[in-house]
Each structure stands twice: as structure tokens, then as C-alpha cells.
Amino acid sequence: MNEKITIPNHIGIIVDGNGRWAEQRGLSRSAGHRAGFTRLKNICLYAERLGLKYLSLYVFSTENFKRKKVEVDFLMNLFVEVFKKEFQELMDHHVKVVFSGRREPLPYNVLKVMDEISEKTKNNTSTVLNFCLNYGSQAEILDMTRNIAKQVLDGSLSIDDITLDTIHNNLYQDLPPLDLVIRTSGELRLSNFMLYQASYAEFYFPNIYFPDFMENDFWDAIVEFNRRNRRFGGNQS
Ligand code: FPP
């Protein structure tokens, strides 16, 4: 390929299709999530090799707590297992891990491993992996609004001083805007994923269940991103 490809600064992935991938093969949903995790790990390592600065991963929404208890429990245990098991490899690759989402009602063992991994990787300088876990964008906007309202009420902030920076500083994490959002499985929805951060993102919806989403599919998304003409509301071509 002759064209020079620019790696976006911040990519988001809405991980979707683990369940359907498993059902198609007569496997349990848990097997689909395990296969999804293996893929996710490889995509993270590939993103780091490409020099991607920020990768946000929507792995569990606030609404996912409505699923059957057995599936929720399986996923919570999987998070604990893999964050423990993969920790050293993340360190070896200098990856920094952060989490976005509400702590309630995540179980204690999940919160503990999340706190440990974010503390131990906080000074790492390679890719920032932002796991959206018990995350919902509407909840994030609500929590941000409450934080700002409290600062106004206690007198530390005046209404006239509220700017877009104030909003940014009161979101869950200090992250740049999303440049590209990928949702696997063929669904064409954002499903409450980083609505504010995705204001000017480009969207890419491959018709592939996540456990089949390979490195070359991720690369195809980046190539397609390079073909888009981003105007940010202006009219330059
Ligand atoms: C969406 O597929 C996937 C999830 C809700 C869970 C994502 C979890 C992982 C990739 C595994 C572990 C990740 C980490 C960070 C350790 P779905 O179940 O909604 O699929 P469906 O729409 O086909 O049912």
C-alpha cells in the first residue's frame, strides 16, 4: 500500500457479538465471552504495536446488569481472572489501564483488582487502555452534572466559569475525544457508549462477531478512517 496511513489518537470499540458467535457454534455464552476476551487481548497488543495512544473498550454497560445472574457472575469472575493473569504482560508492554464507570454495584473482588491494576500501571507511558466497565454515558453525564452542581453550591465554582473544560474535568477519565468508534456484530447503535467523547468521531460497523474480529479487520477500520473527510462542522474539503 502506497498511501501513508495515520493512526487515530483515540479509538473506541463496542465489543459485541460474543453471545451470537457462541450460539452459532452450539456453544455456551460463557464460551463466547472467553473467545471474545482472547480476541480483545490480541487486539490490545496489536493496537500497542501500532502505537495507538488511547483505546477505549466497552466491555460491560450499566444495563448489562439486567442479564441473567449466571452470565453476570461469569463475566465478573472473568474480569478478576484475566486482570490478574494478564497484569504482567500489560506491564511488560508499558500499558496504562484506567476504568470508566460507576463502582456501585460492582462486587468487591472486581473493584479490588481494578484498583490494583490502575495503581500499578499509572506511570506507564505506552497505550492507555480505558475499560468501560459498568459504564453508561448517560450515567457519566449525570454524575458529571452532580459534581459540577456541588462545586457551585459549595462556592468553589461560579456558574459563569463553567466551560467545556469544566465538563471534561468532571468526566470519569481525562481522555481526548474519540476519533473512531468501531462496533462489531453488525449492529448500528452507540448503546450509551461515550456519547460526549464521540461528538466528532467517525463510525465503523463491521459485520463480524467480536470473537472473529482479527487484527486485519482492525487495520481495515483504520484505513477506512483515513478515507473519511473530517470537517468538525467546518466546510474545508
Ligand atoms: C458483548 O457481546 C460482550 C460483552 C457484554 C462482554 C465483553 C466481555 C469480554 C470481551 C470478555 C472479557 C473482557 C475483559 C475486559 C476481561 P454480547 O454478549 O452482547 O453478544 P450478543 O449481542 O451476541 O449476545
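First listed ligand is number 1; within each ligand, the first listed atom is number 1. For clarity, every value in this text was computed on a predicted model and none was experimentally measured. In what follows, every heavy atom counts, from backbone to side chain, and hydrogens, waters and symmetry copies are set aside.
For the atom pair S118 OG and L129 CG, the distance stands at 12.0 Å (nearest 0.5 Å).
Of all protein heavy atoms, the one lying nearest to atom 16 (C) of ligand 1 is V82 CG2, 2.9 Å. Closest protein heavy atom to atom 9 (C) of ligand 1: N18 ND2, 3.9 Å. Annotation: atom 13 (C) of ligand 1 to nearest protein heavy atom, F79 CE2, 3.7 Å. Scanning the protein heavy atoms around atom 20 (O) of ligand 1, the nearest turns out to be G19 N, 3.0 Å. For atom 7 (C) of ligand 1, the nearest non-hydrogen atom of the protein is V59 O, 3.3 Å. Looking only at protein heavy atoms, the nearest one to atom 1 (C) of ligand 1 is V15 O, 3.1 Å.
Close contacts between ligand 1 and F131 involve ligand atoms 15 (C) [criterion: under 4.0 Å to a heavy atom]. In the vicinity of R20, heavy-atom distances shorter than 4.0 Å reach the ligand 1 atoms 21 (P), 22 (O), 23 (O).
Between the side chains of S185 and R20, at least one donor-acceptor pair of N or O atoms lies under 3.5 Å. If you check the side chains of N124 and S126, you find no donor sitting under 3.5 Å from an acceptor. In this model, a donor atom of one side chain and an acceptor atom of the other lie less than 3.5 Å apart for Q151 and N170.
On a distance-only criterion, N64 and ligand 1 share no N/O pair closer than 3.5 Å. For ligand 1, none of its N or O atoms has an N or O atom of F37 under 3.5 Å away. Among the atoms of R67, some N or O lies under 3.5 angstrom from an N or O of ligand 1.
Taking the six-membered ring where tryptophan is involved, the planes of Y200 and F232 are tilted, since the angle between them lies from 30° to 60°. Using the six-membered ring where Trp is involved, F193 and Y135 have ring planes that are perpendicular, over 60° apart on the 30 and 60° scheme.
Of the heavy atoms in R29, only side-chain atoms (C-beta onward) come closer than 4.0 Å to ligand 1. When heavy-atom distances to ligand 1 are checked against a 4.0 Å cut-off, L78 comes that close only through its side chain, counted from C-beta outward.
Looking only at side-chain heavy atoms (C-beta outward), I43 and R39 come within less than 4.5 Å of each other. In this structure, the side chains of D220 and Y204 come closer than 4.5 Å at one or more pairs of heavy atoms.
Residue pairs meeting the ring-ring contact (aromatic ring centres under 6.0 Å, His included) criterion with at least one partner in residues 64-87, sequence neighbours excluded, are F60-F65, F83-F99, F83-F131.
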